[in-house]
Amino acid sequence: MLTSSKEMILKARAEKYAVGCFNTSDLEITKAIIAAAEAQESPVIVATSPKAIDYASLQTLSGIVKSEAKKAEVPVALHLDHGLTLSIVEECLNNGYTSIMFDGSGSELEHNEILTRQAVEMAHAKNVSCEGELGHLGKVGKTQGQLTDPNDVIEYIQKTGVDFLAISIGSQHGIGDNEELDIPLLKKINSMTKIPLVLHGASGVPETDIKKAIKNGIAKINIDTDIRHTFAKSIKKVLEKNAQENDPREILTKVMFDLQKMIEEKIKLFGSNGKV
Ligand code: 13P
């Protein structure tokens, strides 16, 4: 069923597990995410980034996720990942998104707070929850991140009214050489607020750190790069076995199987299996 992300994340925070938020850009990845959640009896968040929306179009991509979610036996939220403008927030809300992230972390704190506040108001007017980002996540090999400053946390939450807070504690988007998390920083932030915390850039983070993060307030975990790696590796494997294969349905059925298995392992690591 298509549901809000709010209840699933609040429950995760209270019971000390995390809900996986997995990025999609097409039918096959969406089906694999939902099949994995069903197999593990887990709630799940299906995320679409602005780049994925540009690739597939908002109507098509949200249509795929909504129709697959409606058929699902587990709660599925349709999430905007890293919305950078208020106009994309508005478009997603008008297209039935049940969860929003506004990312103002590329701006100065004050500007981030003002824009995020507006996104939160727009989302709440439609009864949809909104996540914001404080500090900034870097992208492996491309941009530098900035750890979240704990001194900004309380003011940011009060001024913006965000439902969930994405923090920068050592992970990066992509898979880096060293993505160990700053657990003391996480503990400090967690001691300051009760709202669920979000870990972005989780591909490449050691499993032991993921577990420690969940114990210390992380209740939503975002995975994208691992999905893309599995997708590409799986296609290569299929074509290496049979170079003559030219039926996309044959190729992509195997890709979906590999994706589902990988995502099921993540769901078990996050502890949301059996939590429906
Ligand atoms: P990774 O690409 O490192 O998995 O990060 C995904 C993410 O944070 C999406 O918002």
Side-chain angles (χ1 to χ4, degrees), residues 5 9 18-26 29-30 32-33 36 44-56 61 65 77-85 88-89 92 97 99-106 112 116 119 129-148 162-182 186 196-207 209-210 213-214 218-233 258-259 262-267 269-270 272:
S5 62
I9 297 174
V19 180
C21 175
F22 301 98
N23 283 78
T24 189
S25 50
D26 66 10
I29 299 172
T30 303
I33 295 168
V44 78
I45 300 167
V46 180
T48 67
S49 67
K51 194 170 172 184
I53 290 170
D54 278 350
Y55 166 73
L61 190 54
V65 179
L78 168 58
H79 180 72
L80 169 64
D81 188 32
H82 294 284
L84 295 173
T85 61
I88 197 163
V89 170
C92 288
Y97 275 61
S99 181
I100 293 289
M101 177 203 186
F102 181 78
D103 178 2
S105 69
N112 182 359
T116 305
S129 51
C130 187
E131 171 187 340
E133 180 166 322
L134 181 63
H136 183 68
L137 251 83
K139 205 167 192 172
V140 175
K142 289 198 175 143
T143 54
Q144 195 69 29
Q146 194 183 1
L147 294 181
T148 302
V162 287
D163 300 281
F164 318 120
L165 180 65
I167 52 173
S168 176
I169 52 170
S171 60
Q172 300 179 68
H173 291 295
I175 298 182
D177 293 336
N178 178 10
E179 288 197 69
E180 274 176 32
L181 300 180
D182 187 338
L186 170 59
L197 302 173
V198 179
L199 179 69
H200 280 252
S203 303
V205 174
E207 290 194 359
D209 281 22
I210 296 270
I214 294 168
I218 294 288
K220 168 175 174 279
I221 300 184
N222 286 38
I223 296 280
D224 184 6
T225 305
D226 279 332
I227 291 174
R228 287 188 274 120
H229 277 199
T230 303
F231 192 102
K233 219 164 86 184
D258 287 346
L259 280 171
M262 186 278 287
I263 294 165
E264 282 189 51
E265 290 309 309
K266 297 287 180 196
I267 287 172
L269 174 64
F270 302 162
S272 68

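Ligands are counted one by one from 1 in listed order, and the atoms in each one are counted from 1 as well. In this chain, numbering begins with 1 at the start of the sequence shown.
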(message) Taking the side chain as everything from C-beta on, heavy atoms only, tell me whether Thr230 gets closer than 4.5 Å to Ile263.
(response) no
(request) Indicate yes or no for a side-chain donor-acceptor contact from Asp103 to the backbone of Glu133 under 3.5 Å, with no hydrogens or angles considered. (result) no
(message) For the backbone of Ser168 and the side chain of Thr148, can you confirm whether one donor and one acceptor N or O come within less than 3.5 Å of each other?
(response) yes
(request) Output the set of protein residues with a heavy-atom contact under 4.0 Å to ligand 1, ordered first by chain identifier and then by residue number. (result) Asn23, Asp81, His82, Gln172, His173, Gly174, His200, Gly201, Ala202, Ser203, Asn222, Ile223, Asp224, Thr225
(request) Give a yes or no answer on whether the side chain of Asp163 reaches the backbone of Cys130 with a donor-acceptor pair at less than 3.5 Å. (result) yes
(message) Looking at Glu180, is its backbone amide N or carbonyl O close enough to the side chain of Asn178 to form a donor-acceptor pair, meaning the two atoms are under 3.5 Å apart?
(response) yes
(message) For Gln144 versus His136, what's the shortest heavy-atom pair and its separation?
(response) O-CD2, 3.9 Å
